[in-house]
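The structure appears right after this line, and notes come after that.
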Amino acid sequence: MNAAPLQPALSRRGFAFGISAVAGGLVLGTPAAFAQAAAQLPLAPKPGQPELTAWVVIQPDDSVLIRIARSDMGQGTFTSLPMLVAEELECDWARVKPEYAPVAEHLARKRPWGNMVTTDSVSVRRSQDFLRKAGAQARTMLIAEAASRWTCPAGECTARNSVVTHGPSGRSLRYGALAEAASARPVPENVALKRPQDWKLIGKSASQFDMRAKVTGQLVYAIDVRVPGMLHAAIKACSAHGGKLKSFDAAKVTGMPGVRQVVPVGDNAVAVVAASWWQAKKALDALPVAWDETASANVSTESILKTLQQGLDAGDVVVGNRIGDVDAALAAAATRVTADYQVPYLAHATMEPQTCTAHVVDGRAEVWAPTQNGEGTAQVVAQTLGLDISKVVVHKCHLGGGFGRRGLSQDWARQAVLIARAVGQPVKMIWTREEDMQHDFYRPMVVARQTAGFDSGGRLVGWKIRLCGSSIFASLAPHFMRNGQDPSMTNGLHKGDMGYAIPTFEAGCVMRNTAIPVGFWRAVNYSQNGFFRETFIDEMAHACKQDPYQFRRPLLAQAPRTLAVLDEAARRANWGKPPAGVHQGIAVVEFDDAVCAQVVELSVDKDGAIKVHRVVCVIDPVFAVHPDTIVAQMEGCIIQALGAVLTGEITFKAGRTEQSNFHDYPLLRIHETPRIETYIVANGTDAGQPWGAVGETGVPPLAPALVNAVFAATGQRVRSLPLKHHTLRPA
């Protein structure tokens with residue numbers, strides 16, 4: 001059949017809110033000519049939709065559209081970012097509607113929305129200044145327009161709740177009546193922003209825009225997208241990492257119900273395209289395929305672990321942080337403590353497996369993507385297809401989980417457009433859970449060797465850490481490498497993100513890359529290094545016969561903010577006085593200008609089973625935009641980290657991932673979830689201070705706090721994860 005050319009088929013607002021969502025999916029309007037797509041991009045404000053700044057559109061009915069450049073993957077971006085604008089705009093919050101800033105328009109207008117990357121908890125902390133400014137600029141323009149109509153000084157006018165009021169006369173005008181004329185005014189460059197103590201919306205848990213849609217199943221995710229004439233694709237890549245596609249026998253499945261085409265995808269995958277995804281999946285299961293798996297035939301968890309352990313003694317160490325001469329201090333120490341640690345590969349296991357809908361025809365491409373970087377997706381699509389980026393339209397969708405999987409690793413986007421180009425019709429590609437689990441970009445396996453030295457009085461004189469693992473930057477972001485090395489491998493151990501004052505200290509890493517693809521996982525590399533650091537701190541305390549909380553306090557004397565968070569966690573948990581049969585562990589980790597401390601309370605029964613009863617979490621993000629979201633984020637971090645600590649592990653044999661689904665890579669179940677108490681300490685006073693991260697900050701302290709509690713309960717020191725490999729007994 002002839003493929004209908006495409007244009008962006010939905011208005012931005014309609015797509016963002018799923019206005020046309022029916023029957024569990026999104027039905028888009030009839031496509032027009034793809035050749036008209038570029039000309040039809042809304043490059044300028046439309047009549048009735050006056051754009052005051054690139055971020056703010058106010059309609060005659062006082063509706064306020066606030067555009068969002070970052071992606072929402074459950075972290076509340078569609079609420080917290082509009083709050084930043086609305087605070088300064090002084091608009092009626094009940095009239096606010098967020099929408100994604102369109103990627104194609106962003107590129108055509110020379111990037112007015114700045115950075116679209118959503119990773120490393122950047123959404124609020126890296127957007128807050130210009131979003132608040134955008135709101136203040138729009139407010140200033142509205143006031144100026146009202147003042148000109150009243151022939152009065154702008155200083156006599158105030159704005160509140162989408163109304164401009166003239167103080168002396170009491171006259172007022174609605175934003176909707178002012179917006180079109182105000183949008184013709186120049187955008188003021190210098191505007192005064194509110195002081196934090198004057199905020200009315202920021203810091204309050206305003207109603208979340210998409211909560212009802214999420215609860216009722218109406219929110220449209222990428223997996224729900226449906227376009228006219230759409231086919232469905234199931235895909236399978238070579239099970240061995242680094243393997244290649246040799247051949248397949250399409251004739252064996254082309255007669256199966258609904259099957260339209262069998263498509264080789266790159267050099268390592270094959271897809272079946274059919275009228276429904278289930279038909280495509282069943283045909284793919286029946287498709288005879290031959291693979292070349294020789295490239296990684298000798299790759300296994302054991303071989304990788306051996307390589308990493310050997311790396312701890314290697315000479316090609318890159319030092320990430322050095323204070324004094326630690327080797328001399330350790331050599332002169334009266335006593336030393338040394339321990340080796342390791343953590344496994346981990347999968348992202350997003351609830352929505354990798355998916356993307358694409359249409360490629362007449363030298364243009366259109367995709368509907370669950371992306372953590374819309375601009376990056378457009379670049380990947382253009383590069384994959386050999387197109388100018390102006391020929392690519394990306395519709396950003398809400399993500400059913402990201403955790404770093406849908407940022408720099410855009411293999412799913414490449415596959416989708418290659419399939420769509422081969423077919424010539426819109427195609428929605430969905431990975432099976434098995435494909436998703438076995439072709440992830442995993443959190444790296446890392447090993448660590450730590451040594452601490454003490455003088456004859458029991459005072460800590462030196463601490464040395466050696467790490468060995470794979471670099472994420474080396475494959476996904478080589479432009480971040482420095483002299484061929486990855487500085488992020490020692491995150492959490494640098495001077496700027498470790499509050500402990502140690503007389504002599506050295507943290508260094510040895511990079512050993514393997515055939516296993518690695519990528520960003522929630523809080524990497526802080527999640528591994530936080531475990532190493534905070535568990536070994538407990539070992540030091542035990543060696544000195546000190547309480548682990550009290551041992552930390554003097555080491556944090558020069559980091560009062562970290563110490564305050566640690567103290568608050570200990571106070572909230574009633575440290576040292578747990579219920580009978582319950583044992584406590586504590587940890588504190590700094591992460592991107594935020595500080596988080598946690599106390600885990602658990603018990604170990606006579607059979608060695610662990611029951612986590614309570615996790616007390618204290619976080620200082622400097623400023624708390626939406627407290628309810630922060631609480632939810634901490635709970636999500638703790639639940640994800642707890643599952644990883646207890647059972648999380650990806651292993652390899654002959655280059656293949658051995659786990660395939662939730663039966664052998666289980667996530668935490670409801671009945672396993674402990675009571676979680678979150679307390680927010682947000683004492684920021686100057687908005688010019690660095691704003692702290694939230695979305696990942698709750699992950700790093702959980703593992704060390706938990707295994708420290710295990711030691712308190714059993715006397716057994718846990719230095720490798722997951723805990724399922726350890727036989728525990730109560731002390």
Side-chain angles (χ1 to χ4, degrees), residues 3 222-223 230-297 299 347 352-361 365 367 369 380-381 383-386 405-406 409-441 515-517 652-661:
I223 202 169
M230 184 179 77
L231 297 173
H232 300 260
I235 189 167
K236 181 173 180 58
C238 182
S239 296
H241 295 283
K244 305 296 182 184
L245 174 66
K246 290 174 63 177
S247 63
F248 58 88
D249 188 354
K252 296 292 186 181
V253 301
T254 50
M256 293 181 67
V259 172
R260 303 296 176 84
Q261 197 166 332
V262 181
V263 180
V265 185
D267 62 359
N268 73 333
V270 61
V272 174
V273 180
S276 74
W277 184 83
W278 185 248
Q279 290 172 330
K281 194 263 183 189
K282 295 301 289 183
L284 185 61
D285 290 343
L287 180 69
V289 184
W291 306 99
D292 178 359
E293 302 185 12
T294 56
S296 57
V299 175
E352 178 187 41
Q354 307 314 305
T355 182
C356 185
T357 299
H359 191 191
V360 181
V361 67
V367 299
V380 164
V381 169
Q383 181 183 30
T384 301
L385 300 176
R405 177 62 179 91
R406 292 171 158 120
S409 50
Q410 302 241 347
D411 47 335
W412 44 270
R414 293 187 185 92
Q415 291 178 341
V417 296
L418 288 172
I419 296 168
R421 182 174 66 179
V423 174
Q425 289 181 238
V427 179
K428 177 161 67 177
M429 178 199 70
I430 303 176
W431 289 19
T432 62
R433 176 61 61 190
E434 289 76 10
E435 190 74 8
D436 194 58
M437 193 76 70
Q438 296 179 333
H439 293 89
D440 202 347
F441 285 73
I516 305 304
F652 303 93
K653 184 176 182 179
R656 294 182 169 213
T657 303
E658 294 189 285
Q659 291 70 30
S660 63
N661 210 315

- prompt: Taking all non-hydrogen atoms of both residues, which atom of R421 and which atom of T384 are closest, and how far apart?
  reply: NH1-O, 4.4 Å

query: Can you list the steps and then say if K236 with T432 is a side chain to side chain contact (heavy atoms under 4.5 Å, CB included)?
result: CA-CA 9 Å; K236 181 173 180 58; T432 62; over 6 Å; no

field: Shortest non-hydrogen separation from A286 to M256 and the atoms involved
entry: CB-SD, 4.1 Å

message: How close do V381 and A365 get, counting heavy atoms only, and between which atoms?
response: CG1-CB, 3.8 Å

field: Side-chain (W277) to main-chain (A274) donor-acceptor, under 3.5 angstrom
entry: no

- prompt: Do the side chains of C238 and K244 get nearer than 4.5 Å, heavy atoms only?
  reply: no

- prompt: Of the non-hydrogen atoms in W291 and A237, which two are nearest, and what is the gap between them?
  reply: CH2-C, 3.7 Å

- prompt: Does a side-chain heavy-atom distance below 4.5 Å link H241 with V299?
  reply: no

- line: Nearest heavy-atom approach of A347 to D440 is CA-OD2, 3.3 Å

message: Any carboxylate oxygen within less than 4.0 angstrom of a Lys/Arg side-chain nitrogen, looking at E293 and R656?
response: yes

statement: One should read off an interatomic distance between M230 CE and S276 OG, to the nearest 0.5 angstrom, of 10.5 Å

message: Between D436 and E434, does the side chain to side chain contact (heavy atoms under 4.5 Å, CB included) criterion hold? Intermediate values first, please.
response: CA-CA 5 Å; D436 194 58; E434 289 76 10; over 6 Å; no

task: Show the numbers, then the answer: is there a salt bridge (Lys or Arg N to Asp or Glu O under 4.0 Å) between R406 and E352?
output: CA-CA 11 Å; R406 292 171 158 120; E352 178 187 41; 3.7 Å; yes

- prompt: Between CE of M429 and OG1 of T355, what distance do you get to the nearest 0.5 Å?
  reply: 6.0 Å

message: As an exercise, state the distance from CD1 of I419 to CD of Q261, rounded to the nearest 0.5 Å.
response: 10.0 Å

Chi angles and distances behind the side chain to side chain contact (heavy atoms under 4.5 Å, CB included) call for V263, V270: CA-CA 6 Å; V263 180; V270 61; over 6 Å; no

- request: Go through Q354 and R405 one step at a time and tell me if the side chain to side chain contact (heavy atoms under 4.5 Å, CB included) criterion holds.
  value: CA-CA 9 Å; Q354 307 314 305; R405 177 62 179 91; 3.4 Å; yes

task: Starting at NE2 of H439, measure out to CH2 of W431 and round the result to the nearest 0.5 Å.
output: 7.0 Å

query: Do any N or O atoms from the side chain of S296 and from the backbone of G242 form a donor-acceptor pair under 3.5 angstrom?
result: no

query: Once you round to the nearest 0.5 Å, how far does CG of L284 lie from CD of Q279?
result: 13.5 Å

query: Could D411 and R414 be called an ion pair, given the rule that one side-chain N must be under 4.0 Å from one carboxylate O?
result: no

I516 side chain reached by F652 side chain, heavy atoms, under 4.5 Å: yes

query: Does the distance from a Lys or Arg side-chain N to an Asp or Glu carboxylate O, for D292 and K246, drop under 4.0 Å?
result: no

field: Any Q659 side-chain heavy atom under 4.5 Å of Q438 side chain
entry: no

message: So if I apply the side chain to side chain contact (heavy atoms under 4.5 Å, CB included) rule between R260 and each of V272, L231, V427, which one comes out positive?
response: L231

query: So do F248 and P264 actually touch side chain to side chain, heavy atoms under 4.5 Å?
result: yes

statement: CD of E435 to OG of S239, rounded to nearest 0.5 Å, is 7.5 Å

message: Testing the basics here: between N268 and G243, what is the closest heavy-atom pair and its distance to 0.1 Å?
response: CB-O, 3.4 Å

message: What I'd like to find out is whether the side chain of L245 reaches to under 4.5 Å of the side chain of V289, using heavy atoms alone.
response: yes

